[in-house]
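Hydrogens, waters and symmetry mates play no part in the numbers below; they use all other heavy atoms, side chains included.
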Amino acid sequence: MGSHRNSIYRLHRPSAWALTEQQLLVDNVWREVNRQYVDQSFNHLGEEGWRKERLKAVQRVANVGPDEQEVVYSAIRDMLAVLGDPYTRFLTPDQFETLTSYARGGNSPKAGVGVQLIADPSTGKIVVLNVIPDSPAAKKGIQPGDAIVKVDGDDISGSTAEVVAAKCRGDEGTEVSLSIQRGGESGSGRGPVESLSITRSPIKTTSVKTTTFTSQSGHKVGLIKVSSFNLETEKLVMEALKDVRKEKSLSSVVVDLRGNAGGYMPAGVDVAKLFLPAQARIISEVDKSGKSTIYINDGVGSDTDIDLYLLVDQRTASASEILTAALQDNHRATVVGSRTFGKGRIQNLQELQDGAGLSVTKAKYITPSGRDIHGVGITPDIELKACGTNDQAKDCMNEVAL
């Protein structure tokens, strides 16, 4: 009798433990989120509720074949959706390559239309943050604040910004049809819808541009436009500072962060170091257990004395806000413009099997003065009512006594 029970045990164990490749991918995603996610209540599901979501997703793909990856991807996205966090998300191999290429500061191997996108947390729409000058999108009149609602006739409701960006990309010279909902008065894609046919072309981006201008009071002002943060940004900003410093009568520097959605978070920290004295606190990163990692300036900034202004708007987010808060809280810069976006969470981006990727919100960040800006944003020291996204920085700064 004992031998019979033992044989039954051996027969049932494989079916309880063996997972298909598709189930292993689901399980891997669940385990990484379970290990890293900053909110250990899992959006009030609790540990048991979160485990049930794993079981549901694993069972959903039990009979899925190797050529049905979209079914697997859909199961993973639905599992992550219960967290209510648009930044914790699964990325297909193409989406992961797009993100990592952007962080490296390189150009994507495919052509595109020349827009930077972000998911508007208040509407769920994919909104244009930035339009690259002279790009196909710019030539068609697409503007920041416009929302993309369809790509090639496909409704993209519920998609991430990365999904929409991947759909916009393709071979050079090919056409892509975009249905654009104009920004309207709110600037968040609530106006009329217009269909545009756009020819893709190679997109060359420069994250930092430098110039100078003369203020209304006759002072020479250096202007550094930082449109995104990647591995090259710190070096480019340092070079920009050297360029504007060649002006012997330079009185101040303006760093324009309008429309800058962030990007590579450590670059925001590194650029802050350029302007701060040694041992200045830049940011505190607080993980799921409440443990804080404090980032301080481990050297002496290359420019710690010149009058500094940061020009921001409602699309200044993430790494841009890290830089802004660090310089504002340390009384190093005067922040000018309108309230920023309010993204105060930090994601870990990692590669999974088959080149897919996972972004997990692993921590929140706290500014040097103890602020959590997530969902709140940063209030400028000087608010500018007449400074729009497309206005020239020098025109915006006319409202400030430089």
- Task: Could you tell me whether Asp305 and Arg245 have a side-chain N and a carboxylate O separated by less than 4.0 Å?
- Result: yes
- Heavy-atom pair of closest approach, residues Arg315 and Gly145: NH2-CA, 3.1 Å
- Rounded distance [0.5 Å steps], CG in Asp78 versus CD in Glu53: 9.5 Å
- Query: Going by heavy atoms in the side chains, are Asp303 and Leu308 under 4.5 Å from each other?
  - Reply: no
- Please check if any side-chain donor atom of Ser369 sits under 3.5 Å from a side-chain acceptor atom of Asp329, or the reverse. yes
- Task: Assess the side chains of Asp243 and Thr210: does a donor N or O sit below 3.5 Å from an acceptor N or O?
- Result: no
- Answer yes or no: are there more than 12 heavy-atom neighbours, outside Gln392 itself, under 6.0 Å from its atom CD? no
- Give a yes or no answer on whether the side chain of Thr304 reaches the backbone of Pro277 with a donor-acceptor pair at less than 3.5 Å. no
- Please check if atom CZ in Arg54 has more than 12 non-hydrogen atoms from other residues, nucleotides or ligands closer than 6.0 Å. yes
- Message: Salt bridge or not between Glu285 and Lys362? Use side-chain N to carboxylate O under 4.0 Å.
- Response: yes
- Message: Under a plain distance cut-off of 3.5 Å, with no hydrogens placed, do Glu175 and Ser197 share a side-chain donor-acceptor pair?
- Response: yes
- Task: Please determine, by modelled atom types, if Arg371 and Gln328 share a side-chain donor-acceptor pair under 3.5 angstrom.
- Result: yes
- Item | From Lys364 atom NZ to Ser284 atom OG, the distance as rounded to the nearest 0.5 Å | 11.0 Å
- Item | Asp287 side-chain N/O to Ala363 backbone N/O, donor-acceptor pair under 3.5 Å | no
- Just wondering, do Leu352 and Phe96 contact through their side chains at under 4.5 Å, heavy atoms? no
- Is there a donor-acceptor pair closer than 3.5 Å between any side-chain N or O of Thr20 and the backbone N or O of Ala62? no
- Message: Using only atom types and a distance under 3.5 Å, with no angle test, would you say the side chain of Asn34 pairs donor to acceptor with the backbone of Trp30?
- Response: no
- Nearest-0.5 Å distance that lies between atom OG in Ser338 and atom CD1 in Ile382: 13.5 Å
- If every non-hydrogen atom of Gly262 is compared with every non-hydrogen atom of Ser318, which pair is closest and at what distance? CA-CB, 4.1 Å
- Heavy-atom donor-acceptor pair, Glu247 side chain to Val221 backbone, under 3.5 Å: no
- Message: Is any side-chain heavy atom of Met397 closer than 4.5 Å to one of Val336?
- Response: yes
- Query: Do Glu239 and Lys242 meet the salt-bridge criterion of a basic N to acidic O distance under 4.0 Å?
  - Reply: no
- Item | Any donor-acceptor N/O pair, Asp313 side chain to Gly259 backbone, under 3.5 Å | yes
- Query: Checking Asn130 side chain against Asn260 main chain: does a donor-acceptor pair fall under 3.5 Å?
  - Reply: no
- Item | Heavy-atom donor-acceptor pair, Lys56 side chain to Ala75 backbone, under 3.5 Å | no
- In this structure, CE of Met265 is separated from CD1 of Ile322 (nearest 0.5 Å) by 4.0 Å
- Are any of the side-chain heavy atoms of Thr233 and Tyr264 separated by less than 4.5 Å? no
- Message: For Tyr87 and His374, take the angle between the two ring planes, folded into 0 to 90°, and tell me which bin it lands in: parallel under 30, tilted 30 to 60, perpendicular over 60.
- Response: perpendicular
- Query: Got a second to check how far Ile306's CD1 is from Phe275's CZ, nearest 0.5 Å?
  - Reply: 9.5 Å
- For Lys167, does the NZ atom sit with more than 12 other heavy atoms under 6.0 Å from it, leaving out its own atoms? no
- Query: Which heavy-atom pair separates Pro368 from Ala325 by the least distance, and what is that distance?
  - Reply: CD-O, 4.2 Å
- Query: Does the side chain of Thr88 come under 3.5 Å of the side chain of Thr361 through a donor N or O and an acceptor N or O?
  - Reply: yes
- Query: Within the side chain of Arg200, is there an N or O that forms a donor-acceptor pair under 3.5 Å with the backbone of Arg169?
  - Reply: yes
- Task: Answer yes or no: does atom CD of Glu194 have more than 12 heavy-atom neighbours from other residues, nucleotides or ligands under 6.0 Å?
- Result: yes
- Backbone of Arg281 reached by a side-chain donor or acceptor of Asn330 within 3.5 Å: yes
- Message: Can you confirm whether Lys150 is buried at NZ, in the sense that more than 12 heavy atoms of other residues, nucleotides or ligands lie under 6.0 Å from that atom?
- Response: no
- Lys288, NZ atom: more than 12 neighbouring heavy atoms under 6.0 Å: yes
- Item | Gap between atom CD of Gln22 and atom CG of Asp27 - 0.5 Å precision | 13.0 Å
- Item | Crowding at CD, Glu21 (>12 non-hydrogen neighbours, <6.0 Å) | no
- Query: In terms of heavy-atom contacts, does CG of Asp155 have more than 12 from other residues, nucleotides or ligands at under 6.0 Å?
  - Reply: yes
- Message: A side-chain contact here means heavy atoms from C-beta on lying under 4.5 Å apart; do Phe229 and Asp270 qualify?
- Response: no
- Task: State, with a plain yes or no, whether a side-chain heavy atom of Leu274 is found less than 4.5 Å away from one of Glu234.
- Result: yes
- Any side-chain heavy atom of Val254 sitting closer than 4.5 Å to one from Lys394? no
- Item | Test log, rule salt bridge (Lys or Arg N to Asp or Glu O under 4.0 Å), inputs Glu32 and Arg35 | CA-CA 5 Å; Glu32 286 301 314; Arg35 180 176 66 87; 2.6 Å; yes
- Heavy atoms, side chains only, cut-off 4.5 Å: are Leu223 and Leu311 in contact? no
